> 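Provided herewith is a single structure, encoded as structure tokens, for subsequent inquiry.
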Amino acid sequence: MFARLPDKPDHDALEREVLERWEREETFRRLREQNAGGPRFSFVDGPVTANKSLAVHTAWGRTLKDVFQRYKALRGHHQRYQNGFDCQGLWIEVGVERELGLNSKREIEEFGLAEFARRCREKVIWSARELTAGSIRLGQWMDWGADYFTFSDTNIDYIWRFLRLMHDRGRVYLGHRSTEWCPRCGTSLSQHELSQSGVYQDRSDPSLTVRFPLVDRAGESLVIWTTTPWTLPANVAAAVHPDASYGRRENGDWVMAARYPDEAFAEALPGSELVGLRYTGPFDTLPPGAAVEHRVIGWDEVSVDEGTGIVHIAPGCGAEDFELSRVHDLPILTPVDESGRFYDDYGWLHGTSTGDAADQIVGDLAERGLLVHAGLYEHRYPHCWRCDTPLIFRISDDWFLAVDELRQPLLDANATVEWTPAYMGKRMDDWLRNMGDWNISRRRYYGLPLPFYPCGCGRLNVVGSKEELLARATAPVEDLPELRRPWVDEVRIRCDACGEEVERIAEVGDVWLDAGIVPFSTLGWQSPEYVPGGYATGAAEGLTRADLPDHAYWEAWFPADWVSEMREQIRLWFYSQLFMSVALTGRAPFTKVLGYEKMLDETGREMHGSWGNMIDAQDAFARMGADVMRWQYCAQPPDRNLLFGFGPAREIQRKLLTLWNSVGFLVQYGNVESFTPQYADLEGVGADLGPLDRWLVERVRRLVEEATDAYERWLTVDVIRAFESFVDDLSNWYIRCSRRRFWEGDETALRVLWHAVVQSLRVVSPVLPFLAEHLWQVLVREPCDDAPDSVFLAGWPGVAAPDAASLDAMADARRIVDLGRTARATAGVKLRQPLARLVVEGATPARDLVAIVRDELRVRDVELGHVEAELVVKPNLPVLGPKLGSELGTVRAALAAGEFEELGGGRFRAAGHELSADEVLVERSARDGWAIASSDGVTVALDTELDDGLEREARVYELIHQVNTMRKEAGLALTDRIALTIPAADADLLEHGEWIKAETLAVSLDASGDAPALEKA
RNA sequence: GGGCGAUUAGCUCAGUCGGUUAGAGCGCCGCUCUGAUAAGGCGGAGGCCCCUGGUUCGAGUCCAGGAUCGCCCA
């Protein structure tokens, strides 16, 4: 007996129950034990930033990770299941800063770095707990509690080792250049931080045209255009295109002539003739500008499509400008400090932010008659990825890793990686070809301390490990709870060149160093011994029982067989791992990648808390259920954005209801017959099968084949497609056509249905772990003595390849039934009206399937043969096109008009051309008394002629339907017997008395009433 | 500004090698079946296949130019 199922699943309740079961029965632990000797499947989890609770976005990736780990586990693979948290860097810091109400770096320092670090760590601990709870609720099986935390001393130690190695190879340098700078965060940003979505935003900025009076040509001026007024005080040069023509207006203003095609100029000169002219800078009224000799330089990159054709050059405020300063030996003015405020020597501007300075600068220029025009300009402008502040360009000293020597090895390594979707691999190539040196330093607090100790003697000391730091310390180190600011800053070492005491630079490292080292730090690369709990060091102490494995372990698990993250990670984690791995080992750290696109709301808009369209994960678990969420994620092709929401969820719930109802049907009729399934039936249901049974067995095999193939290609969307189509076949074909057998207690049908349902649950269990597990308990574990306790302990169904011929034969039969239904509908003949004959042409249903066709279409006979009908002949275009060329039109018109001659043997003549059988397509249209339908070369014809017998049978069907509806309304059980009275006017139906009694479970029947009536017997 | 991709029904999307009447799901309307089903089946309304040219017997599909949108890079 099976436990009864409710009418529909309560996903939330069912899932909680399954979670409790898994915990109680330690299912996951047992699975891992079961697979311990199996082949390794190495997955490395990209660390999730621990600054939030689980969001539906994060749940997408976590679902994919879980689906494939579960699939591999079902295939017997031994896996690590290590989850990871990213615990340092701006994400964490800025969030905490906000919560504490701090607004600048100065305020953080006043607050105190040790306390600030403590608050950051608390945030991480809170978030790790939240993310873990959410992930468990989602159904993700990981080795929770053995997570890696990137802020552990062990992880930092590994990065130090990497940086030391890079330094030994001469790849670490201090750069002095113009970089994108966030004035609020007070730090420069790296190229890959700029690549994150949301960085470039539309923005309205001032648009100014300004006069630079020429010294060498009195009364004349250069006119330049800028959108960043604050950079004008840093102007040192003006660039013209040497080959372009410049014109002087009557008032003495010089501009590029091509920019103003409608103007007449008093004088024209090529740009090259303007080069070298001196001019008065826009802010020579301030000391820094006054000290500079401003001149005109030539530059091929001057745009002929924008501005005035003369470009204002401020090497301290722009990357290209900075490069020009090297070529032309221009002075560099750096007008603003770390927080984007003017330095004191900028007089009345001092202390003003770049934004606030704009108005004052415009006013001042106007007063001095230098302003030609002021307006607004809409453009895409980069913003800080974390705090949304518009970025500025600023000269800064940053630490870089040189990439040029690694570029080709990186490309070679990426060529060994199999990317899904493939275009993401090309994106990586693109990036690898174009990326610049890696800016690894950030002027912040809660991050990896860079182990750089420069010495006045010129030597850069790079410390390669915590151990080395302690050994080289100039004083005993007493207080170093974590390798982190502020504690680590106190440790001074001796320069190994001159012996002077040196201290660490203040900068911390780019957060992607933390994540990139993971394939080494968590797997024990070069670790001499296996240290249980060895990962729980520094800030991670007490947070995890993760081990520090030894090098042999690393050899076994590196590289990862598979990693999966969102597309954005190409330039972030996928890149940083690849970079570090190629640097350390020359190899890619992963062999296969599954990437996926972005999540939007169900209408296609970005999800934002402030827009009210953000879906809370807890809400989603409660209202749609984790299985439905997982289905929604898995049904998504990874190369398109996912439109996630409750609307699509309802559609999925409906689909799952079909599966649920199929199981409910099995449970209901199985229980009526006291059916007991045999676990061995999963291997094969044996002989004695009817045609539908044999088909369903093959259909299951096809499902297993298709799903296996889809999992192996990392395409969950194809798993879902295969499963959906299977459930449709199961419910709307097998069960529908076999209902009578179930009423009659046909045990074979029950066994085959059980086999099919259970096999399909096994196949879909990685996607729908809760529903599959719940139904496994009901259908398998409880009734079968020898069954595994969990669907996840049962392994992968081992079945033979499907028999295509058998599947095709049923497909033919179904096509005939579909056409028959179409024909009935066209002729307006209800299914309750039996018909005498169906004639089929163009397909030969297998003999054992003819009965199915007959029952489904309710016809007495199915004949295979010629359909008597009018001919419709069409040209077979792919064949005739190349043969006839321009004559095709004529032939086609003749055929369409019916102007053709039948030559026998399927040949025709039209418009003077003889057409062979394969050059035409022949279809048929209806005659009187017949209903015809045809498609794909199959034609069916229904004889719609009725006689008394057929009409009487129709009335019997009608009566049976009516009585059974009454039974239902009267609340009778499926097995209750009745005494049935039918109207006297229907006395002629008593001819079919036994049939009526059998169909309505009537023990007596008489025709004496006015209307049908029944009574429980 | 450069690169990549897209544009097909109200919405989300398929559309194979160029081929006959351009499809699916959802939504809408009508009909229908039902002894598991809240399901299923049948039909209908709804299309400038972004535009303009070209190649071809034939273009949603291939080519060129343009428009719009998205992504990536600057």
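The model shown is predicted, which means the values in this text are computed figures rather than measured ones. Each chain gets a letter, A, B and so on, in the order its sequence line appears, and its residues count up from 1.
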> Can you check whether A:Trp743 stacks with the B:rG35 base, using ring centres under 5.5 Å and planes within 30°?
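A:Trp743 vs B:rG35: stacking yes.
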
> Provide the distance between the two P atoms, one in B:rA22 and one in B:rG10, to the nearest whole Å.
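Approximately 16 Å lies between the P atom of B:rA22 and that of B:rG10.
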
> Which nucleotide in the list B:rC26, B:rU37, B:rC13 gets nearest to the side chain of A:Arg640?
B:rC13

> Would you please indicate yes or no on a ring centroid separation below 6.0 angstrom for A:Tyr633 and A:Phe644?
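Yes; A:Tyr633 has its ring centre under 6.0 Å from that of A:Phe644.
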
> Got a minute to check which stems RNA chain B is part of, using Watson-Crick or G-U wobble pairs under 3.5 Å, three or more consecutive?
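So far as stems of 3 or more pairs are concerned, RNA chain B shows B:1-7 with B:67-73, B:10-13 with B:23-26, B:28-32 with B:40-44, B:50-54 with B:62-66.
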
> Can you check the distance between B:rG18 and B:rC26, where both ends of the measurement are the P atom (answer in whole Å)?
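About 32 Å, rounded to a whole number of Å.
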
> If only atom types and distance count, is the side chain of A:Asn641 paired as donor or acceptor with the main-chain N or O of A:Glu597 below 3.5 Å?
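Flag not set: sc A:Asn641 to bb A:Glu597 has no pair under 3.5 Å.
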
> Between A:Lys8 (NZ) and B:rA39 (C1'), how many Å, whole number?
14 Å

> By nearest atom, which of the nucleotides B:rC4, B:rC26, B:rU37 is closest to the A:Arg739 side chain?
B:rU37

> Please figure out whether A:Thr603 or A:Ser662 has its closest RNA chain B nucleotide nearer the 5' end.
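So the residue in question is A:Thr603.
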
> Just checking A:Phe574 against A:Trp419, ring centres under 6.0 Å apart?
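Between A:Phe574 and A:Trp419, the centre distance is under 6.0 Å.
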
> Say you pick atom C1' in B:rC73 and the same atom in B:rC11; how far apart are they, in whole Å?
32 Å

> Answer yes or no: does a side-chain N or O of A:Tyr423 lie under 4.0 Å from OP1 or OP2 of B:rG5?
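For B:rG5, neither OP1 nor OP2 has a side-chain N or O of A:Tyr423 closer than 4.0 Å.
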
> Is there a side-chain polar atom (N or O) of A:Arg654 under 4.0 Å from OP1 or OP2 of B:rG27?
yes

> So, A:Asp627 side chain and A:Leu771 main chain: donor-acceptor pair closer than 3.5 Å or not?
yes

